[in-house]
Amino acid sequence: MSYHFGRGWSKLTPYLLLLPGLLFYFLIALGPSIATAFYSFTDATGIRNAPVHWIGFDNYREFLFMGRASLDNLEALKRTLIFSAAVTIIQFALGLFVALIVNQNLKGANIFRTIYFMPVILGVVIQGLMWSLFLYPLGGPAAKLLSLLGLRSEFLGGPPAQAFAWVIFIQIWANMGITMMIFLAGLQTIPAELYEAARIDGANAWQLFANVTWPLLTPSVNTNLLLNIIGSLQAWQLFLVLVGYRNGTQVLGYLIYATGFGQTSGSVTSSFRQGYAAAASIVLFLLVLVIGMTVQYVLQRREERILG
Amino acid sequence: MSKKMFSFLSLLVAFATLLAACASPSTPTAAPAGGESAPAQPAGKVTLRVLVHQNPPMVAFMEEFNKKFQEKHPNIVVDMSVVNANDLSTVSQTRLSANDIDVLDIFGFSNAAQPYMKQVDPPNWQQLIEAGLLMDLTGQDFLKYYDQSALQDAGSYNGKVYAVNLGRVSYSGIYYNKKLFEQYNLKVPTTWPELVTACETFKAAGIPCMTAGGKDGWPIFVGAYGLIGSIYPDQAALVEGLWTGKIKWNDEKSLEMWRKMQVYARDMMEEGASGIAGDAAPGRFASGAVAMFPGGTWYAPAIEAAQPDFDWGYIPFPGSDNPEDNKYLFGKYDQGWAIAANTPHREAALLYLAEFSEPANYQAFVNAVGFIPTQPTAQLNTKIGAEVAPYLANFRVGYEQYWVAPKGAGQFANPWASYFKPFGTDDDPKALADKVQADLQAGLDAVNK
């Protein structure tokens, strides 16, 4: 293979071209991540000029082992896993199902694709505001529907498990469009001849899906699973917008935000604890890393097995 | 480790250190010394960045004040940002750190560590002062207009003034609809049994008893702070008792509080209150749809603005069976002004505060927001002023201003009515009391180890 950038100093051209992007990546992604790891061993407050002291593993010890607050943190960790599992499974299945439907040669399929994708383009605040209005318990549309059945609910302001379930639902509503689009792109790469040949061999609809569509969708399946898992493990904005800091609803991502910016477990008003929040972030990062790497390993093996 | 890998890791660590160095301190910037008098006019054209929290009557007043200020000082443009009260401390911290603010709204200093508290972090206002981010206002001429006690209690640290507090508010009272009370021949409640009877009467007539802006979370439990106060009138002693173990959230006296809180959350608060936004609740009460509204005095202007002819009154929360225990109002020092120590517009910022502090302007502010004034010459001549006047001698700083949770305390370590259904999951006062005490005790045990 010939080298396109010449000889001598010219060889450096590709590296020079890569340099701005690399620096940008360092500046906005890798650098702050490393700084977060550093701060997790300090008592940093996030306030400029405030002294920063090295305190070793104290933040980790407090987060994981100190009093009932650490049990609350572990509860948030558990809730994060439940949230991630529920969102991933439902969003994945629903996205696939909708993609299969809108991939049919139906009249108005493009309109449906647009409608299903539309929530993705709305910001989290808009999504939250829309659903807060829809779920307004004093005469909002959902309350009126329930009242027709003689029922009522506080919706997002009700018991924490109920509020949590609503956030799962809204997270899926907000992001299902991306899952659908990735599946749709995958479906459109499957050659029509394969379906024709399978039909000639007498395959029914289920056999077509199981033996043609599903295996050939493997790259889309992998992409969607990874995106859904990582995205849902890190989710926190919808919790902030929809339910705020409420006992029994926090996931780890939101707990980190609340801790870093002045709301801590059991306290009415408190101080800024960004070192402690950084330690919690590292715990979340490790969780995402372990789950993400494991899932990626399993999916890669599966892809190699199916597609060779 | 290969040479390449070592070089790469070295680069990463160097970069991280560089970032850390950017954020960590060299030498704290010293706040300008006090001992000054009237502020001077800024020399050139200035844009003064002001931060306030969302409180509709206050924001409306500030917009009007800013307009007049700009007319008087054409070389100063006021750029005012408004944030939700829940976000004020976060936004203050980030904008102060970024040198992106000149004048900021700051709540009265509270939650300072007491000698009996162990391993507690300093409150955020103290962190900001110690980092040299708030200007020392000591000696400024306009301070003379304010109560020395207010300056001392709500804006001073280590003998220096860092914030000018603009007023006290009560958060432990209840607004009531006078017409509805007359219509149903009900006496304005002065005891808990009378309050229960009034609510039962309204509910039987199909009128919800109470409302609150539950969507913001805190209005539900803050609405019951008067109930805590009627049972523990000395709230500083309550906090000390909780820290030292002399008072427990599950002792007999506290159980009475929890039982009443359950009635408040389950039976008195209207269904759907959890969906009402904090700044929508006064309007709902003013519409006459509900009989009562437990809330702070700062809501009064919003009630008046929503329905100017609406006839309402304001009473201390009658949480005790004994009317003598129900004569206290609990509250806090509310909004104040501080100036960023590193502001490039020092003269303009001082001028802004000086102008605001002029007695006529301050009086207009108090009239607009309903604060109990911190300028001794100001009159409490608003409707809410007349309502709270009989109780002012019994005004006390409340639990929320004293409480600091021990590290390791669980998330239920507070006396919050919102733990009860339908806002929370609990429906057994004894079980909840045990849970709250256990969450608090876990923190006390952890810091006493």
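Hydrogens, waters and symmetry mates are skipped; everything else that's a heavy atom, side chains included, is used.
- Most heavy-atom pairs under 4.5 Å with chain B, from the set Ala37(A), Ala161(A), Pro160(A): that is Pro160(A).
- Partners of Trp236(A) according to the side chain to side chain contact (heavy atoms under 4.5 Å, CB included) rule, which considers only residues two or more places apart in sequence or in another chain, are Leu240(A), Tyr254(A), Tyr257(A).
- Identified under the side-chain hydrogen bond (donor to acceptor under 3.5 Å, both in side chains) test for residues 77-86 of chain A, with sequence neighbours left out: Ser84(A)-Ser232(A).
- Evaluation of the side-chain hydrogen bond (donor to acceptor under 3.5 Å, both in side chains) test over residues 157-171 of chain A, restricted to residues two or more places apart or in two chains, returns Ser153(A)-Gln162(A).
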Verdict with supporting geometry, Glu154(A) and Ser274(B), side chain to side chain donor-acceptor pair (under 3.5 Å): CA-CA 6 Å; Glu154(A) 295 282 331; Ser274(B) 68; 2.4 Å; yes
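- In terms of heavy-atom pairs under 4.5 Å with chain A, the best-connected choice from Glu271(B), Lys215(B), Lys421(B), Arg284(B) is Glu271(B).
- Of all residues in residues 441-449 of chain B, those placing a non-hydrogen atom less than 4.5 angstrom from a non-hydrogen atom of chain A are Ala442(B), Ala446(B), Val447(B).
- With a 4.5 Å cut-off on non-hydrogen atoms, Thr45(A) touches chain B through its backbone and its side chain both.
- A donor-acceptor pair under 3.5 Å links the side-chain atoms of Ser97(B) to the main chain of Arg48(A), judged by distance alone.
- Under the 3.5 Å distance criterion, the side-chain polar atoms of Gln127(B) are left unmatched by any main-chain donor or acceptor of Ile47(A).
- When heavy atoms are compared at a cutoff of 4.5 Å, Glu75(A) does not approach chain B at all.
- In terms of modelled atom types and a separation under 3.5 Å, the side chain of Arg68(A) and the main chain of Phe412(B) share no donor-acceptor contact.
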